[in-house]
Colleague: 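Structure provided below as structure tokens; questions to follow.
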Amino acid sequence: DVKVTQSSRYLVKRTGEKVFLECVQDMDHENMFWYRQDPGLGLRLIYFSYDVKMKEKGDIPEGYSVSREKKERFSLILESASTNQTSMYLCASSTGQGREQYFGPGTRLTVT
Amino acid sequence: QKEVEQNSGPLSVPEGAIASLNCTYSDRVSQSFFWYRQYSGKSPELIMSIYSNGDKEDGRFTAQLNKASQYVSLLIRDSQPSDSATYLCAVREAGANNLFFGTGTRLTVIP
């Protein structure tokens, strides 16, 4: 079974803090993705990566950056957290052919 | 802007009935189609994928794809209360690595 893990299930941070969310997959998938999910807005793609050190902006990259130094690990960084970044953050991975994506359990981030 | 449209619901069906969930998409070059189930507070879980026109069955689930009409549907037979969840439709266009998701349909199965 594909396993995608995320570093925290719940996280509370203060405005202005730098926040790191980590995601690890164990299936040697080429592609990894970061989404945020908000009520009524569905899943919105923040960034994705199709190879080590490669990244592409998604629909809402502003205020975020990513890092992929190893194939199995994809990190999302909030450079200076703001209250409008309070959300559920979901990591996913897929094979190079871009077929089905498998999601991690999610991190519910609250910025106060 | 690619669009994936779903009726947000809620859709309520009695236990044992067939639940029918629909999804339409705007991009004619969309190639792969997926249905995810998401329980409240949990992450999406893949339940079906379909790549060619017609029906694909897996247990109580049947996915139906009609590329000419640009819709994909999910039928759940013998609905159970444990099927109560939000169902997300996702599509991938040819050559792309990312998926486009609908906002989901909330299904409630009434015992």
Side-chain angles (χ1 to χ4, degrees), chain A residues 1-6 8-10 21 23 25 27 29-51 54-61 66 68 74 87-109, chain B residues 1-10 21 23-27 29-52 56 58 61 63 65 72 74 85-107:
Chain A
D1 279 352
V2 176
K3 190 163 184 183
V4 181
T5 58
Q6 295 182 230
S8 306
R9 290 301 307 276
Y10 300 94
L21 303 181
C23 175
Q25 51 94 6
M27 285 302 292
H29 282 170
E30 288 80 1
N31 299 326
M32 296 187 75
F33 307 83
W34 275 107
Y35 295 90
R36 63 178 284 178
Q37 187 175 34
D38 302 287
L41 297 178
L43 282 162
R44 292 182 291 169
L45 181 65
I46 304 171
Y47 268 98
F48 70 96
S49 168
Y50 52 90
D51 201 351
M54 306 304 290
K55 61 185 179 184
E56 292 278 349
K57 292 181 180 179
D59 299 320
I60 51 164
V66 291
R68 192 166 181 201
F74 192 34
S87 186
M88 170 71 94
Y89 289 88
L90 291 160
C91 175
S93 72
S94 74
T95 65
Q97 291 76 31
R99 289 166 78 97
E100 43 275 307
Q101 292 183 12
Y102 297 91
F103 284 85
T107 296
R108 185 163 294 280
L109 172 67
Chain B
Q1 178 73 13
K2 297 172 178 56
E3 291 188 354
V4 180
E5 301 280 348
Q6 295 181 255
N7 187 326
S8 63
L21 304 162
C23 172
T24 59
Y25 57 95
S26 62
D27 192 339
V29 299
S30 294
Q31 190 173 61
S32 307
F33 306 85
F34 308 92
W35 283 100
Y36 287 81
R37 177 177 62 200
Q38 187 174 24
Y39 293 115
S40 180
K42 302 294 187 182
S43 61
E45 172 193 11
L46 179 70
I47 54 172
M48 291 285 287
S49 57
I50 186 165
Y51 306 104
S52 55
K56 179 181 178 182
D58 184 0
F61 298 98
L65 174 61
V72 57
L74 180 70
T86 295
Y87 289 81
L88 303 175
C89 171
V91 306
R92 182 181 74 87
E93 66 175 16
N97 286 324
N98 55 313
L99 302 182
F100 294 92
F101 285 84
T103 54
T105 298
R106 187 154 52 96
L107 172 67

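Lettering of chains follows the sequences in order, A, B, ..., and the numbering in each one begins at 1. In this text the structure is predicted, and so the values were computed from the model without any measurement.
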Colleague: If every non-hydrogen atom of B:P44 is compared with every non-hydrogen atom of A:L43, which pair is closest and at what distance?
Modeller: CG-CD1, 4.3 Å
Colleague: Donor-acceptor pair, B:S43 side chain versus A:G104 backbone, under 3.5 Å?
Modeller: yes
Colleague: Sort out for me which of A:Y50, A:F33, A:F48 touches chain B most, counting heavy-atom pairs under 4.5 Å.
Modeller: A:F33
Colleague: Rounded to the nearest 0.5 Å, how far does CD of A:Q37 lie from OG1 of B:T86?
Modeller: 8.5 Å
Colleague: Counting only heavy atoms closer than 4.5 Å, note whether B:Q31 contacts chain A via side chain, backbone, both or neither.
Modeller: neither
Colleague: Going from OH on B:Y36 to CZ on A:F103, what distance comes out if it is rounded to the nearest 0.5 angstrom?
Modeller: 5.5 Å
Colleague: Of the non-hydrogen atoms in A:E100 and B:S49, which two are nearest, and what is the gap between them?
Modeller: OE1-OG, 3.6 Å
Colleague: Are any of the side-chain heavy atoms of A:Q101 and B:F34 separated by less than 4.5 Å?
Modeller: no
Colleague: Which answer fits A:R44, side chain, backbone, both or neither, if we ask what part of it has an atom under 4.5 Å from a heavy atom of chain B?
Modeller: neither
Colleague: Please state whether the side chain, the backbone, both or neither of A:E56 comes within less than 4.5 Å of a heavy atom of chain B.
Modeller: neither
